[in-house]
Chemist: 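I'd like to ask you about the structure that follows.
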Amino acid sequence: MVDAAHIETDLDPTALNLSESDILGRLKEIAGQIDADYEGKDLLLVGVLKGAVMVMADLSRSLNRHVEIDWMAVSSYAGTKSSGVVRILKDLDTDLEGRHVLIVEDIIDTGLTLSWLVKNLKSRGPASVEIATLLRKPDALEMAVDVKYVGFDIPNAFVVGYGLDFNEKYRNLRSIGTLAEHTYS
Ligand code: IMP
């Protein structure tokens, strides 16, 4: 049996590491900003499956207000590198007409998927569409869409944990880190 305590040892201790308390502390700060920015407005949080599950759970529970939560599942068409061509696997259950929408993301790399998503959601007549992401990589800074809330800007390395996977594994790690070389070589 492999347990979560064991899989922590697959992370490279010398590379980027965000502990559970680093993550929760930062999400609390962002939640405070969201509480202030959306005061008096209704708010719909939209998560993108599967990576955003943990961020959604902790960010939404740090808010001191009512929110609705809905989910989309999308898949990028071509290979491992994001192409920006997106297919909806599961659409929202909610009508966005007149709603304030906040997209909740785990990580933005190239931002291609997200640019597509913002355009798609804006075409549905919402009052506003903004983005909150826990992590942002350097390439995302060249993205045309603005990201209103960013947890951490991180270097250009592949990270896992806290919802983020490598071949569908490591999503259940409480912390975020870089895989040690022995795990994939
Ligand atoms: P983008 O369209 O290039 O921004 O791709 C974003 C998606 O790629 C994220 O939602 C993740 O699913 C995945 N991704 C990008 N970087 C990483 C990483 O370092 N670890 C795990 N998944 C990643």
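Order of appearance sets the numbers: ligands from 1, and atoms from 1 within every ligand. Note that the numbering runs from 1 along the sequence shown for the chain.
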Chemist: Looking at ligand 1, is there an atom of it that comes within less than 4.0 Å of some heavy atom belonging to L112?
Modeler: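 Checking ligand 1 against L112, which is what was asked, there is a heavy-atom contact under 4.0 Å.
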
Chemist: Which option out of L49, D109, V48 puts a heavy atom nearest to atom 5 (O) of ligand 1?
Modeler: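 Nearest option to atom 5 (O) of ligand 1, by heavy atoms: D109.
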
Chemist: Please check if the side chain of R26 supplies one atom and the backbone of D22 the other of a donor-acceptor pair under 3.5 Å.
Modeler: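 No: the side chain of R26 does not pair with the backbone of D22.
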
Chemist: For ligand 1, which atoms, with element, lie under 4.0 Å from some heavy atom of A157?
Modeler: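 Within the 4.0 Å cut-off of A157, ligand 1 contributes 19 (O).
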
Chemist: I'd like the name of whichever of I107, V74, L117 reaches closest to atom 14 (N) of ligand 1 through any heavy atom.
Modeler: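 Among I107, V74, L117, the closest heavy atom to atom 14 (N) of ligand 1 belongs to I107.
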
Chemist: Do any heavy atoms of G111 fall under 4.0 Å from ligand 1?
Modeler: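 It does, in that a heavy atom of G111 comes within the 4.0 Å cut-off of ligand 1.
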
Chemist: For residues L135 and V104: do they belong to one hydrophobic cluster (side chain heavy atoms under 4.5 Å, members Ile, Leu, Val, Met, Phe, Trp, Tyr)?
Modeler: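 Same cluster.
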
Chemist: Which atoms of ligand 1 are found less than 4.0 Å from any heavy atom of L164?
Modeler: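 Under 4.0 Å from L164, ligand 1 has these atoms: 21 (C), 22 (N).
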
Chemist: If you take the nearest heavy atom of each of T110, L135, I108, V160, which one is closest to atom 3 (O) of ligand 1?
Modeler: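 Residue with the shortest heavy-atom distance to the ligand atom: T110.
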
Chemist: For S175 versus S19, what's the shortest heavy-atom pair and its separation?
Modeler: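 Closest approach of S175 to S19: CB-CA, 4.1 Å.
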
Chemist: Quick one: sort the F158 and F166 rings into parallel, tilted or perpendicular, breaks at 30° and 60°.
Modeler: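 F158 and F166: perpendicular rings.
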
Chemist: Is the closest N or O pair between V159 and ligand 1 shorter than 3.5 Å?
Modeler: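 Yes, since at least one N or O of V159 sits under 3.5 Å from an N or O of ligand 1.
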
Chemist: Are I131 and I23 connected, step by step, through hydrophobic side chains (Ile, Leu, Val, Met, Phe, Trp, Tyr) whose heavy atoms are closer than 4.5 Å?
Modeler: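 Cluster IDs for I131 and I23 differ.
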
Chemist: Out of I107, D109, V150, which one pairs with R136 under the side chain to side chain contact (heavy atoms under 4.5 Å, CB included) rule?
Modeler: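 Going through I107, D109, V150 one by one, the side chain to side chain contact (heavy atoms under 4.5 Å, CB included) with R136 is satisfied by V150 alone.
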
Chemist: Between T94 and L96 (side chain of the first, backbone of the second, donor and acceptor by atom type, cut-off under 3.5 Å), is there such a pair?
Modeler: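 Side chain of T94 to backbone of L96: no pair is present.
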
Chemist: Is the closest heavy atom of D165 to ligand 1 under 4.0 Å?
Modeler: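 Judged by the 4.0 Å heavy-atom criterion, D165 does count as contacting ligand 1.
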
Chemist: Would you confirm whether S62, through its side chain, and D58, through its main-chain N or O, come within 3.5 Å as a donor-acceptor pair?
Modeler: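 Judged by distance alone, yes, a pair lies under 3.5 Å.
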
Chemist: Please list, in number order, the atoms of ligand 1 under 4.0 Å from a heavy atom of K137.
Modeler: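 Taking each heavy atom of K137 in turn, ligand 1 has 16 (N), 17 (C), 18 (C), 19 (O) under 4.0 Å.
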
Chemist: Against heavy atoms of D106, which atoms of ligand 1 measure under 4.0 Å?
Modeler: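 Answer for ligand 1: 10 (O).
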
